[in-house]
Structure formats: C-alpha cells, structure tokens
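The block underneath contains the structure these notes are about, expressed in structure tokens.
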Amino acid sequence: MHDPVMTKNCISPWVMVEIFATGKLKPCDGPITGDYGNVDNFINKPAALHDVLNSTAYRELRMNLLTGNLPDACKTCRNVPDELVPAASIEAQVRHIFENERMERLTLEDLAGRYKVLTCNAGVTDKCNLSCIYCFIHSNDVERPNLHRSYCSINYEKFLRIIDALINEGLTRLHFCGIGEFTSYPRWKELCKKLFNTYPALKVSLVSNFARKFTEDDYDVLNRFFQISISCDTLDSELYARLRRGARVETVLENIEKFRGRYVGTETCYPKIILNVTESNVIVDTLEDLARYAYLNNIHINVSNLILVEGTFAQQNNSITKIIDMPQEKLFKVWEMFLDLIDRFTAAQRPAPTFGLVYETLRNKMEALTHNRFVPAEGETFYQAFADAHPKNPYAYLKKFFLDFDTCIKGILIKLDTGKLEFTLPFPEAKLRYRIARVNMDADRIYVGNEMDSIVKSPIFIETAPSKEYGHILFEVLTCEPC
C-alpha cells in the first residue's frame, strides 16, 4: 500500500483573487509569483475574465495543489499551516465547492480548470501614511510627510467594473487590504458609498492603521463595513512610535473611542472590530495590556505572523525578531501568556484571540519540551519542585483555570485514573496549605473545595480513583513552608 500524496491545505486559487493597485492579479494572498494576468486583460470585455481565471498559470497552480507537486512559494507559505494533508482531501474540498454541478466524471485536469471567485482581496493604493519598520514597501520611508516617491492608485471607474465582473462570478466578500493605507486613496469614501449602495449583500471588510484623524463623515462611512481590522501591535506609546516610525497610538485609540461612541448603546449596528497584532519579541510584554483593552471594549484580537523581508528597516537594523526565535528560556512565559489569553476570553464568554501560525509553531516547540502550562512564579517552591521533576508527565501537569478574565486558580492537574503519583517536595518536611478542586474538562466545570492544612514529608503520594462526573482534580498549593 502506497503512502498518500501530501499537499498544502489550500484551495485559494479556486475561490479567491487578489488585486494590486497596479491592476496585477494573484490567485492567493501568499508569496506565489508568476504571471496571473492583469485587470486590463478583461476590463473592457468582462466575459474575458474566464480566460484570465482559467489561464495556464492558474490551471498549473491548481494542478500542483491537487497532485502535491508544490512550487517553492507554496512550500514556504506562512498563510496556511505547514502541516501537509492528503491531496485527496483537497480534491474533495474542490468537488464540494461545485457540488451542485455534475462533477462525478470530471478528472483532476477538469478540476484544475474550475473556479468560483468568492473572495477578493484588493489594494487600491500603495500609498501609506506610516512607515512601519517591518513593512516591505514603506519601512524605509523616513520622511513620510514629504515623500517624493511615485505612488500607484487604481482607477476609480476601472475598479468598479472589476467588482461588477467578479460579482457575476459569485463574489460575496471584498477585503480592502494591500500594501498601502486604504484611507490614503483620494476617493475612498466615494468608492465605499458606491459599493455599499450598489451591492448591499456584498460583505466588505477593511484593514486600516486608524492612525490619522478621521472626520464625522469618515466615521459614518466606516460604520457601513462588515468588519474592520486595525493594525496595532501595542498600546505602549513609546514602543508603538518605534514600530510605526513616529506614529501616535493615542490617535488610534481616540479614533476607536469616537467611532464606537457613535454607535455603542444605540440601535445602529456597527462593524466587528479587530486589533491585528504583528507578533514580535518586543511586543510580548505589552500584549496582556492590549488584550485587556480589547476585552473591556468588546474588540477582537488577531495575532499575525511577522515576516522579515530583506531590505526592510527591521531586517537591516536587526531591531525585532519572530517570537519563535526568542531564547528558549523566555518562550515558556510566552507560551503561558498565549494559553492564558485564550482562557481569559473564553472564561469571560468572549471570542478568544486568534493566533494563526505563530501559535501552532510555538505549541509544537513547547509541547516537545513540557506538558506544564505555566511557569512557577518566584516563591512558588512547591510548583517549581514539581516542574523540575516532571517536565513531561502527561497524567499530572501544571495548569491554570480562569473563572473570569482576571481570576484564576492554578495547581497540578491530575487525571483521576492514573493510580498512585509521587511528588518530591522542595523541603524534607513541609507545612502545606492547599485545596482540591474537582474538574470536568469536557463540560468545562470546576468545583473548588475548602482550604486545608497538612504537615507532610517528602516524597508525598497521591492516589487517584476514576470518577464518572469528574475526570481530573486540581491540587492547588496556596503555601509551602519548611517545618
């Protein structure tokens, strides 16, 4: 029996198109290169869009994904997980897209020629009001107010014809992003109003830095978006200014406050707001503060992968690194913080932050080192002794449980069907103040018992017995003092 052919878990070339301000097209938002056409190939004859999306380049890329013959750009793409999937699953996903059509006799070659454009990523300008240090276009734009570089913006009428052609191909989602700041496009409000009024069912979303002062009319237009992602890595004024080359986070926060203040508490719906955080080693110490701000203001968080492009200010000055490249001893606290943020929002019944590939990469690295889910704080001698003796015990490990955003209990989580467990104390004999919590992991239920005192000698033994209602107990040590 042969091993299955493996490929990247990506169907973007069948369902999306990316448009640059130059008019150039791409089949995805990854690093793929090649000639996938230009809007000028069909702008005066919308029917010719079929020829563009069914070109040799498109068909070849789709076939490569169907057969696992991946180009280098797909192998290194960070927009989808590194873990490969059987090529048969990609074929099944593609067939499912066209399940209402007669597909049973179609070959892989036929599938490579199919498309249904559901999503369009569009950059209408490459002009930006900032020069963030990791931006591969603007990071070296030091004199932002007096720049003399030649900016490119897409023609207003041409863009509307593009969207109309894509609507006829099934477009349901338009996402304004790209390499420039959307609100730097001179006719951005006029364009938005035209799209909102012409295609009321089209879900239009936006990525913006929110770093320039908006007018009242700006806020009214922004309110009609389906979703707004605001690029903001930290609330620390000094750090934000360093990452964004002199920009003010106070302007961003003022815009968010004014924007939400116009609609929160009224019957008017307003867009889902997301803080889009670019991960790096320098923002980890401020991420919890940003998360608390998001929690208090009902804002979502998305943490994106840092991509260090050669020639950027960040790369040339070696000023930031990816989180995964931080020293290993520091990654334990970063991993704990990621887990905490997910649990904090979940306990508060809010959507948890999304971490994308940085989370998956960090999880794979950390779970190879330890099962423990937090690093003992200074003075937590009992937990430190356990962590030193049991870095990878799958039946008993350090774990936190958040009861709300800021309240948690923590201790050694012990599976109840493991029998007898032995723990070494930090002292030959110790006085423990502790409590036992019963935990149902499946039902997300925890019952916390009363505090108790006990004098014990090292090592101590805990015997467990299976329970129908609770599969685990949490042994929470409040104090541990030598006798």
Side-chain angles (χ1 to χ4, degrees), residues 332-333 335-349 352 359-360 362-377 379-481 483:
F332 290 96
K333 288 297 294 183
W335 177 229
E336 177 184 346
M337 180 185 61
F338 277 18
L339 294 171
D340 284 358
L341 290 183
I342 293 173
D343 289 346
R344 285 176 187 268
F345 280 86
T346 301
Q349 297 184 330
Y359 177 88
E360 297 298 326
L362 184 59
R363 182 182 68 177
N364 291 338
K365 183 169 185 174
M366 300 313 297
E367 288 189 345
L369 299 173
T370 182
H371 289 295
N372 293 320
R373 297 298 194 259
F374 69 82
V375 178
E380 292 181 335
T381 54
F382 183 89
Y383 294 147
Q384 187 61 60
F386 174 84
D388 293 340
H390 304 280
K392 292 195 67 177
N393 186 338
Y395 306 107
Y397 52 90
L398 299 178
K399 178 80 169 72
K400 293 180 181 177
F401 286 92
F402 279 86
L403 308 180
D404 54 42
F405 192 85
D406 282 312
T407 307
C408 79
I409 63 172
K410 63 182 183 179
I412 302 173
L413 185 68
I414 303 170
K415 196 173 181 182
L416 284 179
D417 60 359
T418 57
K420 181 184 290 187
L421 293 170
E422 177 182 334
F423 299 141
T424 302
L425 295 174
F427 316 111
E429 189 174 24
K431 179 180 180 181
L432 298 182
R433 170 160 291 210
Y434 65 96
R435 57 185 178 181
I436 302 293
R438 291 178 287 172
V439 182
N440 185 322
M441 301 280 279
D442 295 330
D444 195 25
R445 189 166 69 246
I446 186 167
Y447 173 77
V448 182
N450 297 323
E451 293 184 11
M452 293 180 283
D453 292 296
S454 181
I455 295 178
V456 295
K457 293 183 178 181
S458 185
I460 62 172
F461 298 91
I462 296 179
E463 291 193 45
T464 65
S467 168
K468 292 182 179 180
E469 186 176 2
Y470 297 97
H472 297 76
I473 60 170
L474 186 74
F475 184 46
E476 183 187 21
V477 176
L478 304 173
T479 60
C480 177
E481 300 173 349
C483 291

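The residues of the chain are indexed from 1 along the displayed sequence. Below, all heavy atoms of this structure are taken into account, side chains as well, without hydrogens, waters or symmetry copies.
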T381/F427 under side chain to side chain contact (heavy atoms under 4.5 Å, CB included): CA gap, chis, key distance, verdict: CA-CA 9 Å; T381 54; F427 316 111; 4.1 Å; yes
The reported gap from CG in D343 to CG in L403 (rounded to nearest 0.5 angstrom) is 11.0 Å
Take E476 and R435 through the salt bridge (Lys or Arg N to Asp or Glu O under 4.0 Å) test and state the conclusion after the steps.
CA-CA 5 Å; E476 183 187 21; R435 57 185 178 181; 2.4 Å; yes
The side-chain contact (heavy atoms from CB on, under 4.5 Å) partners of D404 (sequence neighbours excluded) come to D406, T407
Between K399 and L413 the two heavy atoms that sit nearest each other are CB-CB, 3.9 Å
Side-chain donor-acceptor contact under 3.5 Å, D388 with Q384 = yes
Sorted by chain and number, sequence neighbours left out, side-chain contact (heavy atoms from CB on, under 4.5 Å) with T424 holds for S458
The salt bridge (charged side-chain N to carboxylate O under 4.0 Å, His left out) partners of K333 (sequence neighbours excluded) come to E336
Residues at least two apart in sequence or cross-chain that pass ring-ring contact (aromatic ring centres under 6.0 Å, His included) with F475, listed by chain then number, are F382, Y434
Original post:
Does NZ in K365 sit with more than 12 non-hydrogen atoms of other residues, nucleotides or ligands closer than 6.0 Å?
Top reply: yes
Residues at least two apart in sequence or cross-chain that pass ring-ring contact (aromatic ring centres under 6.0 Å, His included) with F402, listed by chain then number, are none
T418 meets the side-chain contact (heavy atoms from CB on, under 4.5 Å) criterion, sequence neighbours left out, with Y395, I414, K415, L421, T464
side-chain contact (heavy atoms from CB on, under 4.5 Å) filter on E422, not counting sequence neighbours, yields P459, F461
By ring-ring contact (aromatic ring centres under 6.0 Å, His included), H390 pairs with (sequence neighbours left out) F386, F423
F345 meets the ring-ring contact (aromatic ring centres under 6.0 Å, His included) criterion, sequence neighbours left out, with F405
- Query: Less than 6.0 Å separating the ring centroids of Y359 and W335?
  - Reply: yes
- prompt: Quick one: are D340 and F374 in side-chain contact, heavy atoms under 4.5 Å?
  reply: no
Residues at least two apart in sequence or cross-chain that pass salt bridge (charged side-chain N to carboxylate O under 4.0 Å, His left out) with E451, listed by chain then number, are R433
The salt bridge (charged side-chain N to carboxylate O under 4.0 Å, His left out) partners of R438 (sequence neighbours excluded) come to none
Check: Under a 4.5 Å cut-off applied to non-hydrogen side-chain atoms, are I412 and L398 in contact?
Finding: yes
Taken in chain and number order and not counting sequence neighbours, the residues that satisfy side chain to side chain donor-acceptor pair (under 3.5 Å) with N393 are none
